[in-house]
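Here is the structure we will look at.
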Protein chains: 2
Amino acid sequence: MLTVSTVNVNGLRAAAKKGYVEWLAAAEADVVCLQEVRAEREQLPDHVVAPDGWHAAFAPAADKGRAGVGVLSRAEPTSVRVGFGDPEFDTSGRYLECEYDSLIAASVYLPSGEVGTPRQAEKERFMGAFLLHLTRLRQRAEAAGKEVVVAGDYNIAHTEADLKNWKGNQTNSGFLPEEREWFSRLLDGAGYVDVQRSLQPEGPGPYSWWSYRGKAFDNDAGWRIDYVLASPGLAAKAVEARVERAPSYDKRWSDHAPVTAVFDWPWL
Amino acid sequence: MLTVSTVNVNGLRAAAKKGYVEWLAAAEADVVCLQEVRAEREQLPDHVVAPDGWHAAFAPAADKGRAGVGVLSRAEPTSVRVGFGDPEFDTSGRYLECEYDSLIAASVYLPSGEVGTPRQAEKERFMGAFLLHLTRLRQRAEAAGKEVVVAGDYNIAHTEADLKNWKGNQTNSGFLPEEREWFSRLLDGAGYVDVQRSLQPEGPGPYSWWSYRGKAFDNDAGWRIDYVLASPGLAAKAVEARVERAPSYDKRWSDHAPVTAVFDWPWL
DNA sequence: CTTCAGATG
DNA sequence: CATCAGAAG
């Protein structure tokens, strides 16, 4: 069995004080992809960085207190790489890849974007370069006979089933037509599988992010923007996918909830 | 009876969430001088600014989120003045004076200073101008037949009895020889009385401020830097002075504790 | 160690 | 409505 979880922790220092540590201890995952760590390894206590039994790789952003991704795994990776080869994003704390004997696992955090600002252009540059990378990653993995999982916060809801207020968000970053088309290309073009949606074709939801503003969480006015994408061979072994909203997530320690996929596959 | 309290709240917004409101409700004071309000009136709910039965005057700093003093009183002041006539400090949120029929009450917050920096020079400029003001204030009050109380955070410990580690602080701002001499001039020169020390000649303490760093509060490693200074006629009526450290202050809502003086004097 | 402002999400 | 950095105390 291989269990992969992904969660945007919105600041690991804050999350660790509110319930992240307890969640991880109870999670029984094999690989955990983190986004928005917003800290360097040295700023965190050891038991938060890598609790007993875990190996941890981190890719902080050059800009202190921003972004930052990590991969925790019960097995030690045979290699770790930071960034995907685009100099603009290599030190932006947005991509980290860990390789194991039969698996490549990556954590990704897309820029959140904002229409009409340079941040949307940055997001689009990231999207272009990242799609290319994901295509090459599949080729590399196939040549090595490995499966691939790329989990993280994509900051894009794919279809109308992936956010509560889709009508009101058609001109907002995160649900723009070009963003949704790009996400389709990750699936139909690059050949990855959205594990949650493949097991659960019907929406709406389950959502993985709710704004802290207003009563969005209580009203389940959320977005599904955190995904476990898997190579087809691995996705075929998927037996479960869930958003860990409740009851395991009733004490909220991030604005995102963990997303977990379970594969009936002996990864070690 | 006239009861005057002074307290540096270290951010009234934070203090109000931690116990200030309950303290004030139980305090049975007539006049309360606040320092480090660190907010404008509009940033605070009405029940914090002026609970039922209180009148409130505030003098925020031009620099948002810094300094700021206030005077609460059960009687409405007949006049309120902000600053003491020195342009450098008039909008610095460090002095506020309220006049009543038979009393002038002021709240003061001296710059904290730091040896070897411009902040120490600023503190010294404040000290010079403020001593002059206090001298004139006594003259003005005497001419009007009123008593005076000037309460606040002076950021100076007067004698060796006024801080735990006096030996180690002789070259630090707050216990410099020139600061201690200046404080003596407030008493012997301008003719004010340190009410707490007059009622309680023996030290050490009681301290009114403990650093948040380390275990200073638990070890009572504090400083007495918050004072109620009174004109001699009023000071002669003093019947009690206390630092409200415990038990009324066991849930700490500031790094300073309230200092209270009680006068057997019918101020209204 | 704590406050707040300001940037970011 | 949160997180974090940085300045101040």
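Residue numbering restarts at 1 for every chain, and letters A, B, ... go by the order of the sequence lines.
Distances were taken from every side-chain heavy atom of A:R13 (C-beta onward) to each of D:dC4, C:dT8, D:dT3; the shortest belongs to D:dC4. Nearest to the side-chain atoms of A:N10 among the listed nucleotides D:dT3, C:dC4, C:dG9 stands D:dT3. For B:R66, whose side chain is taken as the heavy atoms from C-beta onward, the closest listed nucleotide among D:dA8, D:dG9, C:dT8 is D:dA8. Comparing D:dG6, C:dG6, C:dG9 by their closest approach to the side chain of A:K64 singles out D:dG6.
Rounded to the nearest 0.5 Å, atoms CG (B:D153) and CD1 (B:I156) are 10.0 Å apart.
Atom C1' of nucleotide D:dC1 and atom NE2 of A:H256 are separated by 13 Å, given to the nearest angstrom. Remark: P of D:dA8 and OH of B:Y212 are 20 Å apart, rounded to the nearest angstrom. In this structure, CZ of B:F217 is placed 14 Å from C1' of C:dT2, rounded to the nearest angstrom. Atom CG in A:N8 sits roughly 12 Å away from atom P in C:dG9 (whole-Å rounding). The CG-C1' distance, from A:N155 to C:dT8, rounds to 12 Å in whole Å. Atom CG in A:D255 sits roughly 11 Å away from atom P in D:dC4 (whole-Å rounding). One interatomic measurement links the two molecules: CG of B:D63 to P of D:dA8, which rounds to 9 Å at whole-angstrom precision.
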*Could you walk me through whether A:R180 and A:D162 pass salt bridge (Lys or Arg N to Asp or Glu O under 4.0 Å), step by step?*
CA-CA 11 Å; A:R180 300 173 56 192; A:D162 294 323; over 6 Å; no
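Using a 4.0 Å heavy-atom cutoff across all strands shown, B:K18 reaches sugar-phosphate atoms only and no base atom.
Taking 3.5 Å as the limit, the base of D:dG9 and the side chain of B:R213 contain a donor-acceptor pair of atoms between them.
Between B:Y154 and B:F130, the ring planes are tilted. Angles from 30° to 60° get that label.
Using a 4.0 Å cut-off between charged nitrogen and carboxylate oxygen, A:R125 and A:D86 do not count as a salt-bridge pair.
Two residues are said to be in side-chain contact when any heavy atoms from C-beta on lie closer than 4.5 Å; A:R94 and A:F84 fail this criterion. Side-chain contact between A:M127 and A:L110: present, with at least one pair of heavy atoms (C-beta onward) separated by less than 4.5 Å.
Taking a 4.0 Å limit (strictly below) on heavy-atom distances, residues 32-45 of chain B reaches DNA chain C at B:R38, B:Q43.
When ring centroids are compared, B:H133 and B:Y95 come within the 6.0 Å threshold.
Contact annotation: B:R252 side-chain N/O to C:dT2 OP1/OP2 distance is not under 4.0 Å.
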